[in-house]
Structures are given as C-alpha cells and as structure tokens.
Engineer: 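Okay, here's the structure, questions in a sec.
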2 protein chains.
Amino acid sequence: MKKLTQSMEDYIEAIYVISLTSKVIRVKEIAKFLNVKTPSVVDAVGKLTQRGLVIHEKYGYLELTDKGCELAKEVNDKHEKVYKFFNEVLGVSDSISKKDACNIEHYISKEAMDRMIKFIKFVDTCPEGYPEWLKNFNYYAKHGKRPAVCHKRSVSK
Amino acid sequence: MKKLTQSMEDYIEAIYVISLTSKVIRVKEIAKFLNVKTPSVVDAVGKLTQRGLVIHEKYGYLELTDKGCELAKEVNDKHEKVYKFFNEVLGVSDSISKKDACNIEHYISKEAMDRMIKFIKFVDTCPEGYPEWLKNFNYYAKHGKRPAVCHKRSVSK
DNA sequence: GTATATAGTTAGATTAATCTAACATTTTTA
DNA sequence: TAAAAATGTTAGATTAATCTAACTATATAC
C-alpha cells in the first residue's frame, strides 16, 4: 500500500491524539486541532476511510481502525521522539521543538530516528545521572564557551 | 517578501550547488540534479526570475542574482549543517544523512539549527579531541549497552 | 414538537507542483 | 550550410490540498 502523504499523516495523527483525551471524535475537533476548515477534514477523512484507516458514520463520530491506530501511533511516536530530542538534548524551547517535530516527523528516516531514540536513552541511562558533558554543552550553547574547568580531584582511590 | 516554498528552495539550492562545480548552468542540468522534467524547471525558473532571484536568458544560461545567491546559500547551509549533525554526531550513514538533510533543511527552525551548529562545534572543539562520551554513544548505539568501564587512573596530579 | 443553532457535507474554485506531447530554437556535424 | 540532434518552451492535463458558499442533517431549547 502506498505511503500516506504528509497531510494524511497529519490527519490520522490528529485523530489519534484527540482520542487520547476525548471520548468521541468529531470532524469539527479535527479541524480545530489542525487549523483547517471542516470541508478539508471531510475530504481527508474520506480518503483515510477508503484506505481502511478510519471509520466514519455520516454526520456522526469517527474512529481509527486497528490498522489506522497502528499507523497513527507510528507517526505520533516519531513526533514525540523528535520533540524530546530537540528539547532535552539540543535544548530547543518547548514551543519550537513542538513545531519542528510537527514538520520533521514526516520526513525523518528510520535510521536517524533510531539514533535519536538511542541518544535520549544514552543520556537517560547515564550512570552518573544527568551527564556532565551535556551540562557543558548547555553552558556552551548559552555562553559561547565551555565552563571554566573545575580541576576536581580524582574520585578513584 | 513571501517565503519560498519547499520546491522553490530546492530549485534555487540546486542552481547554487551546480554553480559550485560548473561554469555555466542550463535547464537540463537542474532537471537532472532534481530528478524532474525540463518543463518543471522552466516553470520554477520563471517564478524565481519574477522574484528577482535568478536571471535566465531564453534558451541560454542561468545565473543567480546576488539576492538569489544569498538565499541559496542559506538553504544550502542548513542542508550542510543538518547533514553534518546527523552524520557526525548521531552516526547516521552518509546516504541517509544526505536524504534526511534534503528534506529537513526546509522545515527546521533557526533555533534548532543554531543548536545543531553549536553541538557540532562543541564536539569539534573538545579539548581532549574526539570526546569520550561520543565514542561511548557510538558504542552504545551499536551494541545496545555502554562499553565496559575502564577504571583509568586519574590524570591530574 | 417546531424553530434555531450547531455540525457536517457537497460543489466548485484556487494554488502549487508536477507531467506528457507538441513545438521552437540552438548547436553540432557531415 | 543544411540536416539532425540536443536543448528549451508552451499548452494542457493531473493530483493534492486547501478554501468559500450553499446546502443538509442533527441536536437543543423553548
């Protein structure tokens, strides 16, 4: 089956995200979520329905099929991970990280995705907690130079 | 002036990149570079000409105006930096880094770009050369676990 | 239970990016 | 220098994503 377009990915992801906090899903909510008008949503939902990703009772509620849900989760997962990487590793602000993730999620390769995920894990599982080098990077990014070296004594004995 | 579309950015960047290794630029080369047909190029060049970014002698050569060149460099710079970050920091393969950079260059924010650039610099200006933690990350990405700790003696005296 | 408000749909237009096929110009070459 | 080859352009079609305006269905409120 052909890949979804960026736009269709947005729609299916929106439905998924809305479903996380909302019992029922309506055309209007999707429109609001994505900042588009309702006819655009109807159009998109029609296409997603044809592909068996969404079920839509006319004039009624929407839901994702299993396949649709799976796909939506994949897209959203990329979003979350790119967001986390930009925000937590690179230190990009929340709002910009969100925007960037929104766009990049449609384009980034599996391989790069994998590396970002591993990078986050690498940071999160650092034996000494939040790693020194990342602190130093944040300092560097902010001040344009490394922090003054702290000639700390060896911990080993 | 309105922002260029992704596609227009591709065209202007292509012209710039071709100009780096080629004395003269023709419609056909751009088509080949971007994997599109010549009428698409003619179309795009028309639009870029209207915006004062390109000069095109009918049936002849093309060149970027100063403004066009500046813009093209900006786009290409993003490309280069994203490529470098993916490749050198995240350890993504050359070819995939290139493809990802190609897409992401159109979407990434100034802020994230800035952080990536700083990250690369942070790595490149590490006082001890290629940083230990990045070696460790590469090991981690490859093997799924950190390298066995080397209880090295303190260097300080 | 009818009128009004809200939500959803359809029809038709617009913009952007692409293509193919036909045509025009320029360059090459014999 | 005339024919052939290569390159560039134009016209017209297609696909995708969006919109507005008009219309339809459902829900709500007296």
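Note that the structure is predicted; figures quoted are calculated from it, not measured. What you see below is based on every heavy atom in this structure, not just the backbone, and it leaves out hydrogens, waters and symmetry mates.
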Engineer: Could you tell me whether the side chain of B:C69 reaches within less than 4.5 Å of the side chain of B:Y16, counting heavy atoms only?
Structural biologist: yes

Engineer: Would you tell me if any nitrogen or oxygen in the side chain of B:H56 comes within less than 4.0 Å of OP1 or OP2 on D:dG8?
Structural biologist: no

Engineer: Would you mind telling me which residue lines up with the more 5' stretch of DNA chain D, A:S40 or A:Y61, judged by nearest nucleotide?
Structural biologist: A:S40

Engineer: Is the backbone N or O of A:Y61 less than 3.5 Å from a side-chain atom of A:R26, with the two atoms forming a donor-acceptor pair by type?
Structural biologist: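 Answer holds: no.
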
Engineer: Report the distance from atom CG of A:L34 to atom C1' of D:dT18, rounded to the nearest whole Å.
Structural biologist: 13 Å

Engineer: Quick check on B:K118: does its NZ atom have over 12 non-hydrogen neighbours (other residues, nucleotides or ligands) under 6.0 Å away?
Structural biologist: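 Yes, the 6.0 Å shell around NZ holds more than 12 heavy atoms from other groups.
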
Engineer: Do the non-hydrogen side-chain atoms of A:E63 and A:I25 ever get within less than 4.5 Å of each other?
Structural biologist: no

Engineer: Just the rounded figure in Å: distance from P of C:dA16 to CD of A:Q6.
Structural biologist: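 Taking CD of A:Q6 and P of C:dA16, I get 17 Å after rounding.
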
Engineer: Rounded to whole angstrom units, what separation is found between the NE2 atom of B:H106 and the P atom of C:dA16?
Structural biologist: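 Distance, rounded to whole Å: 17 Å.
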
Engineer: Does D:dG8 have OP1 or OP2 under 4.0 Å away from a side-chain N or O of B:T38?
Structural biologist: no

Engineer: The side chain of B:V36 lies closest to which of these nucleotides: D:dG8, C:dT9, C:dC19?
Structural biologist: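 The listed nucleotide nearest to B:V36's side chain is C:dC19.
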
Engineer: Given D:dC19, C:dA24, C:dC19, identify the nucleotide with an atom nearest to the side chain of B:P39.
Structural biologist: C:dC19

Engineer: Grab the NZ-P distance between B:K2 and C:dT15 for me, whole Å please.
Structural biologist: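 From B:K2 NZ to C:dT15 P: 10 Å.
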
Engineer: Phosphate oxygens OP1/OP2 of D:dT18: is one of them under 4.0 Å from a side-chain N or O of A:Y11?
Structural biologist: yes

Engineer: Under 4.0 Å, heavy atoms only, any strand: does B:V41 hit a base, just the sugar-phosphate, or nothing?
Structural biologist: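 The answer is nothing, as B:V41 stays clear of every strand by at least 4.0 Å.
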
Engineer: Among the candidates D:dG8, C:dC19, C:dG8, find the nucleotide nearest to the side-chain atoms of A:R26.
Structural biologist: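 Given the options D:dG8, C:dC19, C:dG8, the side chain of A:R26 is closest to C:dG8.
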
Engineer: Give a yes/no answer on whether the side chain of B:K28 brings an N or O atom under 4.0 Å of OP1 or OP2 in D:dT7.
Structural biologist: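 So the side chain of B:K28 is within the cut-off, an N or O lying under 4.0 Å from OP1 or OP2 of D:dT7.
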
Engineer: Can you tell me how far P of C:dT15 sits from CG of B:D43, to the nearest Å?
Structural biologist: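 It works out to 15 Å between those atoms.
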
Engineer: Separation of B:M8 atom CE from C:dT18 atom C1', in whole Å?
Structural biologist: 10 Å

Engineer: Does C:dT18 have OP1 or OP2 under 4.0 Å away from a side-chain N or O of B:S7?
Structural biologist: yes

Engineer: Would you indicate whether the side-chain heavy atoms of B:V123 and A:F137 approach each other to under 4.5 Å?
Structural biologist: no

Engineer: OP1 or OP2 of C:dA17 versus the side-chain N and O atoms of B:K47: is any pair under 4.0 Å?
Structural biologist: yes

Engineer: Looking at A:T5, I'd like to know whether one of its side-chain N or O atoms comes within less than 4.0 Å of OP1 or OP2 on D:dA16.
Structural biologist: no

Engineer: Would A:R146 pass as a cation-pi partner of B:F122, given that its NZ or CZ must be under 6.0 Å from the six-membered ring centre and within 45 degrees of the axis?
Structural biologist: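 Output yes; distance and angle both within limits.
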
Engineer: I need the OH-P distance between B:Y59 and C:dT27, as an integer number of Å.
Structural biologist: 12 Å

Engineer: Take atom CD of A:Q50 and atom P of D:dT15, then tell me their distance rounded to the nearest Å.
Structural biologist: 14 Å

Engineer: According to a strict under-4.0 Å criterion, is A:K58 in side-chain N/O contact with OP1 or OP2 of C:dT10?
Structural biologist: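 Indeed, a polar side-chain atom of A:K58 lies that close.
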
